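Only one structure is covered here, and it is reproduced in the block below.
From a predicted model like this one, the values you see are computed outputs, not experimental measurements. Naming: A, B, ... by sequence-line order, numbering from 1 per chain.
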Amino acid sequence: MTWTLFVAFLAKTIKAASIYIFGSTGEIVTEKSGHLNMGIPGIMFMGALGGILGENIWLTASGNNLNPFMILFMPIIFAMLFAALGGLLFSFFTVTLRCNHNVTGLTLTTFGVGLSSYFIGLIKNDSISKAGLAMQSMVKFDWGDNWFGSIFLSQSFLTYFAIVVAIAASLIISRTKLGLNLRACGENPAAADAAGINVDRYRYLATIIGAAIAGLGGMALELDLLKGFYNAKDAVDSFGWLCLSLVIFSMWKPSICIGASFIFGAAQQLKYYLELSSAQQQIFSLLPYVLTILVLIITSVFNHKNTQAPAGLGVTYFREDR
Amino acid sequence: MTRTETRKHFKMPIHVVKKLDLSKKSYWTIKVVGILIAFLLSGLLCTIFAPGTFVTYYEKMAYGIINPKNYETFMLFLETAGLLLLIAFALAPAFKMKFWNIGAEGQISIGCLVTAGIMFHMTKTGDNSNQLLVVSLCLLFSVLAGIIWALIPALFKAFFNTNETLFTLMMNYVAITLISIFISIWIKSGSQAFPSIHEGQLEDLFGMKIKYLWNLIFVVVIVALMIVYLKKTKHGYELSVVGASLNTARYVGINTKKVIIRTMILSGAICGLVGFLLVSGHEHSLNPGIANGRGFTGVLVAWLGQFEPASMVLYAVLVAMFQCGSGKAASYVGISRAEFSAIVTGMFFLIIIATEFFINYKVLVKEDSKLKPVVDKINNFFSKVGGAISRFFDKINFFKKLKKKKPKDVQQTSKESEEDK
């Protein structure tokens, strides 16, 4: 690998990592409240649909006006809105109707992926790629030709935004009273309820906000990394499940998840930059799953409180239960 | 804390309590109402996507299930339902002891990989050996592979209490990626397309040329065995004890580690077998998405059926109806097929999940609330619908009584006492 190729690889790694950061930060926020949302691939897909729709609405309404603010603002708002709807659906079923998390999540994945790929299929391919190109043209901070600039300073706005969101989530979860209450809901909802915390409201909000953040990941994948090139549902699907595994890998901490996302991003991108046979390429895509399994095993063998999932994860809370 | 307290002036007008006394009849009434709503909504969805196709949708849906001109349509429908049922039965024992095995997809995929590998190499070497031998080799090794895939998370769960939901989920993707790795190793040309394999096809066995018949035979036999295993054996009983309370199980002297490992071996074996049936009896080929979400759908069928054989059969058939029927209807009215059937299946499951709420809980409206008359009206409407359906059930019971002329009271009391436990 030559130096220029290596620089390009690192830049692409950071871009890919931003998707993982969005997805897994959203899922961590959700899981901290005790909700195991396995519908994250479906929700990311809904975010991707929202992003494409938002960009298209703006471009058609304004006649291809590439106003940098609006071109960012519209897809972000729409992606968050669509994904939040998915989160609302999930929390309505699990909080209000008290359904099983695993079952609801898996259904939401089927439903969300089906619905979004149906509507994305209706949108013309060239208008999707137009949206992607608009995103590409406007969001870069271009900073010269040196290696530092092209790795760290030429990323799109979404990449920096992802890191900011993850840091903010980390601070809120670990440093504020809001975060303490949120963690209480996830660890022991009955105790939290007894302490006067409205568990249902916390779980609703955490799931909806988490879904909105994860939806940005879907949009970033579709419009930023794939540049509006829509290649079936496989891409979003595998990214979605990897985000779920990244949550385990980073041991439910958004701060670790930033670093871990770079490892996953590198594993995802490295195969395009090395001269490999297609079998060897596939082995690289095996890497994130195997790493996650290893982390899962290691953390369970050294059973330490700080590295485990929230104790109430995946358990529906009903006040009148014992 | 003060902020949350000040906001508490808003009172919820409704109150949710657990239902404790639910008769079998009202249980099924709720389920049937849910299923009817799902059927109606799927037709409505079709008319929204392609206007004016409400009637056509149901007509074509029926054709997607039973086509008088082509018996294979019906066989395919039966086979879809059968394989789903088999997966659900594989998962039911694990779920019954609250081991959340989400890894059916991976266990099926690894079974597919092993079967396709053996069949592919037998075809390549070209010696026309005994077909029976090839098929039984495939069967044996796919079951073994499924067992291994289920055993890894089970061992870690038993000894280190590793989270099995996430572990089995990851194992799915390892298996799926392994398929792509082996396809690229076996197919040197670099294309990911796997050729159709002739050696070791299940249909060739004993000259039975009817498509999917072998798969159905396997399904019927194994489902029957599993029903006996779950209902009549000591193992089946131990499962429910472990699921109900781990501590109770320990106190009465059940070796919980052994139960977990044994159950997962069974679960993995059946899933591996499904993989074998899928390749040898259905696809005769291999691709990474060969399991096609069946494992996840099986999870839903098993859980929503509450591990009751009758309910699981019902849901498996209904899901197969939606998958085969609405796919066909969608492609007829010009909607993309796979997406529409995914949406409809998802919607069906969401509605069925929601019916779980009405089975387990009831909503009481507080007396002083303004919502009271509205909710009363809704309740009246649903009790009318429910009454009509339960009268229908009564009629069926009436016919049964005519046939059997057997006092039913004894059976019912024994069932009730079982439920009490």
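With values rounded to the nearest 0.5 angstrom, M171(B) atom CE is found 5.5 Å from I293(A) atom CD1. Between L45(B) atom CG and L115(A) atom CG the span is 8.0 Å, to the nearest 0.5 Å. To the nearest 0.5 Å, atom CG of residue L166(B) and atom CZ of residue F249(A) are 14.5 Å apart. For the atom pair Y289(A) OH and L178(B) CG, the distance stands at 12.0 Å (nearest 0.5 Å). Taking CG of L106(A) as the start and OG1 of T297(B) as the end, the distance is 9.0 Å to the nearest 0.5 Å. Between the CG atom in L286(A) and the OH atom in Y173(B) there is a gap of 13.5 Å [rounded to 0.5 Å].
Between Y118(A) and F340(B), the closest side-chain pair of non-hydrogen atoms is not below 4.5 Å. Y361(B) has its side chain within reach of F318(A): a pair of non-hydrogen atoms, C-beta onward, lies under 4.5 Å apart. Proximity of L350(B) to L89(A): side-chain heavy atoms (C-beta onward) are separated by under 4.5 Å at one or more points.
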message: Quick one, F119(A) with F49(B), criterion ring pair (Phe, Tyr, Trp, His ring centres under 6.0 Å). Give me CA distance, side-chain angles, the key distance, then yes/no.
response: CA-CA 10 Å; F119(A) 282 111; F49(B) 286 169; 5.7 Å; yes

E339(B)/V113(A) under side-chain contact (heavy atoms from CB on, under 4.5 Å): CA gap, chis, key distance, verdict: CA-CA 8 Å; E339(B) 278 87 6; V113(A) 171; over 6 Å; no

message: With side-chain contact (heavy atoms from CB on, under 4.5 Å) as the criterion, how do F167(B) and I297(A) come out once you've worked through the C-alpha distance, each side chain's angles and the decisive distance to 0.1 Å?
response: CA-CA 9 Å; F167(B) 201 140; I297(A) 292 170; 3.7 Å; yes

message: side-chain contact (heavy atoms from CB on, under 4.5 Å) for V103(A) and E356(B)? Distances and angles first, verdict last.
response: CA-CA 12 Å; V103(A) 179; E356(B) 285 298 312; over 6 Å; no

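Proximity to chain A among residues 94-103 of chain B is limited to W100(B), I102(B), judged by heavy-atom separations below 4.5 angstrom.
Taking the six-membered ring where the residue is Trp, the centroids of F111(A) and F349(B) are separated by 6.0 Å or more.
In terms of heavy-atom proximity, A342(B) sits nearest to G114(A) at CB-CA, 3.9 Å. Heavy-atom minimum distance, F357(B) versus R98(A): CE1-NH1, 4.0 Å. T107(A) and G346(B) get closest at one heavy-atom pair: CG2-O, 3.2 Å. Closest heavy-atom contact between C99(A) and I353(B): SG-CG2, 3.1 Å.
Heavy-atom distances place both the backbone and the side chain of V174(B) under 4.5 Å from chain A. Using a 4.5 Å cut-off between heavy atoms, L169(B) touches chain A through its side chain atoms alone. Proximity to chain A (any heavy atom under 4.5 Å) is shown, for V344(B), by neither the backbone nor the side chain. When heavy atoms are compared at a cutoff of 4.5 Å, T292(A) approaches chain B solely by way of its side chain, counted from C-beta outward. For chain B, the nearby part of T96(A) is the backbone; its heavy atoms alone come within less than 4.5 Å.
Most heavy-atom pairs under 4.5 Å with chain B: of the set L108(A), L313(A), L122(A), N102(A), this distinction falls to N102(A). For the set L36(A), T110(A), L296(A), the entry with the most heavy-atom pairs within less than 4.5 Å of chain B is L296(A).
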